[in-house]
Every structure is written in structure tokens, then in C-alpha cells.
Amino acid sequence: MADMTAGRLRAGALLAALLLAGCGGREAEAPRAALERQRAELTRYVADHPEAVRERAALARVAMRLGDGVTAEAAVEEAIAAGGAGEVLRPLLARAYAMQGEGDRAIATLDAGPIAPEMLGEAAWVEANVRLDRGDLDGARKAFDLALRERPREAGLWADVARFRAANADARGARQAVDHAIDLDAGNGAALALKADLVRDQQGLAPALAWYDRALAADPGNAEAWIERAATLGDLGRYREMLASLRRAATLTPGEPRLFYLQAVLAARAGNYRLARSLLQRTRGQLDDEPGFMLVSAIAELQLGGQALAATWAERLVEVQPHNFTVRRLLAAANWADADDEGAAAALAPIVARADADSWSLLLAARVAAEQGDGKGSAAYQDRAARLARGAAAPFAVDDDPLLVAMAAEAAPLDPSKVIPAIAADVMQGNGARALERAARLRDANPGVADAHRLFGDAALAEGRLDLAVAAFRKARNLDAGEGAALRLADALLRSGDSAGAAAAVAALRESGPSSIAADRFAGRLALDRRRWDAAIAAFERVRRRLGDRDAVILRDLARAWMAKGEAKRALPLAARAYRLQPLNRGIMLLYADLLEAQGDAANAAALRDKAAQAGR
């Protein structure tokens with residue numbers, strides 16, 4: 001027994017040296033081809049040497065670097081059976097389980113016995129990732145802190161710390177962590193792929209591609225990076241390259257459901273909804289709870305005449321994202337097409353209750369009200385829709401008792417779920433200074449979180465402090481290149497009289513996210529105001545290509561731009577389409593009349609002007 005114990009201790013010491021030489025389920029320290037060769041050589045060796053503990057542990061580590069948790073599990077179990085020390089090997093076995101999605105089994109393995117001191121960092125690292133995947137951010141933070149104390153120069157660990165910080169919305173902290181990981185190991189494919197994800201969020205789509213390419217050069221077998229690269233290319237409108245990336249990913253993970261989903265998105269964008277539905281069905285329910293999947297499913301079913309099924313998908317998504325008005329419009333359209341007036345009205349209610357409700361929603365609400373026998377309500381909706389001028393959106397809204405939400409915020413001044421309603425209550429009661437104070441405290445506690453700066457900017461805007469709002473939105477935009485911060489910044493700059501700055505902010509958004517319809521709308525309106533007709537036409541045409549001839553505002557503004565250029569013939573059909581969509585809008589009638597008169601149709605122009613005069617009374 002003593003000899004066996006001594007043998008296990010010697011094996012443990014050897015294994016510790018080996019395992020500490022390069023831990024990491026997500027690392028890619030060597031080219032994949034070299035790792036594949038190592039795996040083949042080690043597999044052949046251990047087949048002929050059943051007593052080989054070190055080589056089995058090495059095989060497990062190589063398998064982990066290749067993302068093969070099954071082989072890693074088998075190799076570690078064989079190493080333990082061959083006499084390897086459990087206190088050294090158990091963290092490695094736990095990592096193998098975690099790689100296969102068996103987090104509970106991984107934690108149970110770590111708790112099954114003592115861990116060798118030299119493997120405490122590895123064990124904490126595994127636990128941290130399991131807790132992160134479960135959404136236990138507090139537990140993950142504690143485990144990561146321990147892992148970093150034990151292994152401060154582990155590139156893969158720093159990459160996972162970056163993942164953790166990103167999950168906490170700490171964009172700045174995530175960037176710092178992933179940059180440190182790359183400094184430690186410039187060839188770490190997982191860190192490079194994560195860097196690409198973070199660059200996409202911070203700087204936009206196009207800058208991220210270079211990082212995806214760099215990650216795939218380091219690890220061409222990284223299916224996740226191929227998939228994310230494909231999604232990025234799709235958002236950029238580079239569909240042929242997107243498809244090529246998806247095909248490459250399919251050779252690595254042929255059954256991955258996201259491949260079918262992204263191909264379905266591609267098919268839907270091309271108008272092939274039958275193919276999109278077929279591809280969505282091939283996911284076999286594995287993505288049914290993902291918002292993007294629900295949205296594409298609803299769109300495809302609605303286009304194919306499956307109104308009831310489309311409504312089901314849209315309703316599920318509304319439950320998850322009740323403030324997503326695009327989804328509410330989709331649900332309303334599906335319910336309306338399925339003769340469910342009450343369902344359509346309920347879906348539209350939060351939209352049409354706002355002063356900034358869009359004309360499409362108002363027109364559908366008018367039709368629904370008419371069907372329900374509410375002629376007065378229908379007329380009111382039609383009148384609002386015909387104005388084609390949205391009211392001002394309230395930056396905050398609150399339904400609960402202001403005193404109660406204030407008390408909750410005082411008890412937890414750094415809890416966004418408590419503070420945001422309190423800020424809303426302060427704004428509604430005219431206490432802007434108190435709202436700013438609350439928002440500033442939250443921002444200062446979370447300097448790397450874009451949402452914290454956006455919240456402060458919204459509070460400053462509600463208080464009329466344009467200088468503070470611009471600065472806050474600029475900081476938020478520097479952390480997150482998405483529409484939210486960029487459009488807020490552009491709007492604040494425009495309100496402060498800096499139209500050139502607003503144009504630059506929108507141009508930067510378009511460069512980083514060229515598929516942004518909101519950016520093109522803003523850019524077009526700004527170009528109109530600045531009398532830059534060609535720029536306005538280009539922006540509105542981009543929107544029109546995406547939406548078709550269904551937006552009266554876009555058609556009206558396109559007609560205005562062409563008319564201002566002296567191209568009345570090109571403007572006339574656009575104004576005619578806008579008039580057919582909004583026959584009660586006075587501005588469209590007058591624009592259409594001017595264009596008809598320019599083409600020599602004075603009689604119809606006069607009739608339209610008479611109608612416009614009556615509408616204005």
C-alpha cells in the first residue's frame with residue numbers, strides 16, 4: 001500500500017508539472033494541425049501503454065484545446081485508473097465535463113475530494129466558467145478572483161474573465177481583460193475571437209472582421225468564430241461571403257442549429273420564406289427560445305399565410321421583450337390578418353399610447369377601431385397618422401407610486417432595477433436635479449458600462465442639460481457602437497445646434513453598421529435640413545430598398561429632395577405613392593399638387609389644394 005501511495009504521489013508531481021504548463025479549455029497556443037498531430041501520436045502511444053499516466057493527461061489537455069470534451073474525459077478517467085493522483089487530475093476531469101455542458105457534474109467532481117494546492121487555480125477557473133454559464137455572476141466573480149490569484153499569467157483565463165466582464169455589461173473591463181490575454185499569448189484563437197466580438201460591439205461590424213480573420217488564422221477550426229464572422233458579414237450585407245463562412249463552419253459542426261438559423265435569415269432577406277421556414281425547422285426546436293429565431297419564424301409564417309402561427313411566435317417574443325415595438329407591430333399585423341381584432345388592439349396599445357407613435361401603427365389601430373365599431377377612436381387615430389409628424393418621446397415612464405420607488409432606490413442606490421424607476425419618477429415630478437444625482441451615482445459606480453452613461457444622458461436631456469447629455473452619450477458611444485448611443489448623441493448634438501457634429505455621429509454609425517435603417521432615416525432628414533439633396537436621396541433610397549414603398553414619410557421626403565434638385569418628373573411618382581398611403585396628409589397633398597402643376601395638370605393640382613385646405617380646418 002505504501003509503495004502504491006508513493007507511486008501515486010510521484011505521478012501526482014509529474015502530472016502537476018505537466019498540467020500547469022498550459023491549462024485552458026479555450027486556449028489555442030499551437031496551430032490546430034500541430035494539435036491534431038499531437039492527439040494522433042498520444043492516442044497511438046496510450047493504446048500500447050496502459051500504464052501511461054502523463055501521456056493520458058497530455059492527451060486530455062490536447063483534446064481540450066481542440067474542443068473535444070468527450071476525448072478529454074476518457075483520457076483523464078484512464079489516467080486516474082492507471083494510478084494518477086485524483087487531487088491533481090480531478091480539476092481536469094471537471095473541465096472535461098464542463099466542456100460538454102455538464103456543469104453540475106463538473107462542480108460535483110471538484111467537491112468530491114481534496115484538490116492539490118498547485119491545481120487550485122485550475123479548479124477555481126472551471127468553477128468560475130460553470131457559474132458564469134449558469135448566470136451566477138457573484139459566484140463567478142469570486143471564483144475568477146481566486147483563479148487569477150493562482151494563475152495571473154494564463155491567457156485563456158484572462159479571456160474568460162473578459163467574457164465574465166462582458167456578461168456584466170462592463171465593456172471597458174472586458175476590453176482590458178481580452179487585450180491582456182492577447183498580450184500574454186498573441187496566438188490565442190479564443191481570445192482573438194472574443195476580441196472580435198467586443199470590437200463589433202464597440203466599433204462596429206466592419207472593424208470586427210479583421211479580428212475574426214486573425215482569430216481564424218490562429219485557429220481555423222474555431223467553428224464559433226466562423227459562425228460569428230458569418231453573422232457579421234450578413235449584417236454588413238455581404239451575403240455571398242456570409243454563406244461561404246457558414247459552409248466552412250458546417251464542415252466543423254454539421255449539426256449546429258445556428259447554421260440553419262443564419263441560413264434562414266439569409267433566405268428571408270432574399271424573400272425566399274419557404275426555404276427560410278424549412279431551414280428553421282431543421283433546428284429541431286433547439287433555438288425556439290432565442291429572440292432572433294422567434295422573430296424570423298414569425299416573419300416567415302406571416303409571409304407564407306400562417307397568420308395564427310406567426311401570431312404565436314410574435315406573442316412569445318413580446319412576452320420576452322414587451323417594449324420591442326417592432327415585434328408588437330408584427331404581432332398586431334398577424335392578429336389582424338387572423339381576424340383577431342382584440343389581439344391586434346392589445347398589441348398596438350402601448351405604441352399608440354405614446355406621443356411618438358408611428359403612422360403605420362396608428363393607421364392599423366384606426367382600422368381595428370373601425371372594425372370594433374369605435375368610429376370616433378378610428379377617426380382620432382387617422383388624424384394622428386395623417387400628420388406624419390411624431391410627438392416628442394418621453395425618455396422615462398413610471399407606473400408605480402413615486403414614493404415607493406424612491407424608497408426602493410434609497411435602499412439600493414446602485415441597483416439599476418430600483419434606480420431607473422426612481423429617476424423616471426423624479427423626472428415626471430419635475431425634480432431633474434435629483435434624477436441627475438441618482439444617474440450620476442450609478443454611472444460613477446459603472447464607468448465601463450455604456451448603459452450607465454446612456455441613462456445619465458437621458459436624465460440630463462430631460463433636465464435640458466444638453467452639454468451633459470452630449471458628453472454622456474459620447475462616452476456611451478465610445479463603449480458601444482450600436483444605434484442606441486449613436487442616435488442619442490446625434491439627436492443631442494442637433495438639439496444643441498451642432499448639425500455638423502450630428503452628421504458626423506450618424507456617418508460613424510453608418511460606417512460601423514451600414515445596415516442601420518434608423519441611421520439612414522436620421523441622415524436623410526439631416527441632409528434635407530442642410531439642403532444637401534444628393535446625400536438625402538442616397539440615404540432615403542437605402543431605406544426604401546430595405547422597406548419598399550410602404551413608408552409615406554420616406555416617399556414624401558424623397559419627392560421633396562428630387563423636387564429641390566429640379567427633378568419634378570422623378571419626384572411625381574414618389575409623391576403619388578405617398579398620397580395613396582396617406583390621402584389625408586395635408587403636406588403630402590400640397591407637395592403632390594405642386595408636382596402635378598409642374599407637369600401641366602393644373603386641374604388636379606387645384607382639386608388637391610382644395611382638399612388640403614379642407615383638411616386643415
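Residue numbers count from 1 along this sequence.
Arg477 places no side-chain N or O within 3.5 Å of a backbone atom of Leu489 that could act as its donor or acceptor partner. Side-chain atoms of Asp338 do not come within 3.5 Å of backbone N or O of Asp340 as any donor-acceptor pair. In this structure, the side chain of Asn168 engages the main chain of Phe164 through a donor-acceptor pair within 3.5 Å. The closest donor-acceptor contact from the side chain of Thr312 to the backbone of Ala308 lies under 3.5 Å. Counting only distance, with no hydrogens or angles, the side chain of Gln202 and the backbone of Asn478 share a donor-acceptor pair below 3.5 Å. When atom types are taken as modelled, the side chain of Asn272 and the backbone of Leu275 share a donor-acceptor pair closer than 3.5 angstrom. Remark: the backbone N or O of Gln281 is not paired with any side-chain donor or acceptor of Arg284 at under 3.5 angstrom.
When each of Glu228, Arg229, Arg238 is checked for a side-chain hydrogen bond (donor to acceptor under 3.5 Å, both in side chains) with Ser245, only Arg229 meets the rule.
To the nearest 0.5 angstrom, Glu511 atom CD is 11.0 Å from Leu205 atom CG. Taken to the nearest 0.5 Å, the CE atom of Met242 stands 11.5 Å off from the CZ atom of Arg247.
Under the 4.0 Å criterion applied to side-chain N and carboxylate O atoms, Arg488 and Glu483 are not assigned as salt-bridge partners. Salt bridge annotation for Arg175-Asp201: absent, with no cationic side-chain nitrogen under 4.0 angstrom from a carboxylate oxygen. Taking 4.0 Å as the cut-off between side-chain N and carboxylate O, Arg165 and Asp170 do not count as a salt-bridged pair. Ion pair Glu541/Arg544 flagged as a salt bridge, since at least one NZ, NE, NH1 or NH2 atom sits closer than 4.0 Å to an Asp/Glu carboxylate oxygen. Using a cut-off of 4.0 Å between Lys/Arg side-chain N and Asp/Glu carboxylate O, Asp529 and Arg525 are scored as not salt-bridged. By the 4.0 Å N-to-carboxylate-O rule, Arg163 lies close enough to Asp133 to be salt-bridged with it.
Because its NZ or CZ atom is both nearer than 6.0 Å to the ring centre of Tyr97 and within 45° of the ring axis, Arg105 counts as a cation-pi partner of that residue.
Using a 3.5 Å distance cut-off with no hydrogens or angles, the side chains of Tyr579 and Arg556 do not pair a donor with an acceptor. Counting only N and O atoms by type, the side chains of Ser361 and Asp358 include a donor and acceptor under 3.5 Å apart.
Aromatic pair Phe293/Trp313: ring centres closer than 6.0 Å.
Environment of CZ in Arg134: crowded, with over 12 heavy atoms of neighbouring residues, nucleotides or ligands closer than 6.0 Å. Crowding of Arg316 atom CZ: a count of heavy atoms from other residues, nucleotides or ligands under 6.0 Å exceeding 12.
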> When you look at Thr232 and Arg200, which way does the side-chain hydrogen bond (donor to acceptor under 3.5 Å, both in side chains) test go after all the steps?
Replying inline: CA-CA 8 Å; Thr232 303; Arg200 183 173 58 188; 2.8 Å; yes
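Annotation: side chain of Ile299 is in contact with side chain of Tyr273 (closest heavy-atom distance under 4.5 Å).
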Give every donor-acceptor pair under 3.5 Å between a side-chain atom in residues 363-380 and any protein atom, sequence neighbours left out.
from	atom 1	to	atom 2	distance (Å)
Asp374	OD1	Gly377	N	2.9
Ser378	OG	Ala366	O	2.8
Ser378	OG	Gln382	NE2	3.3

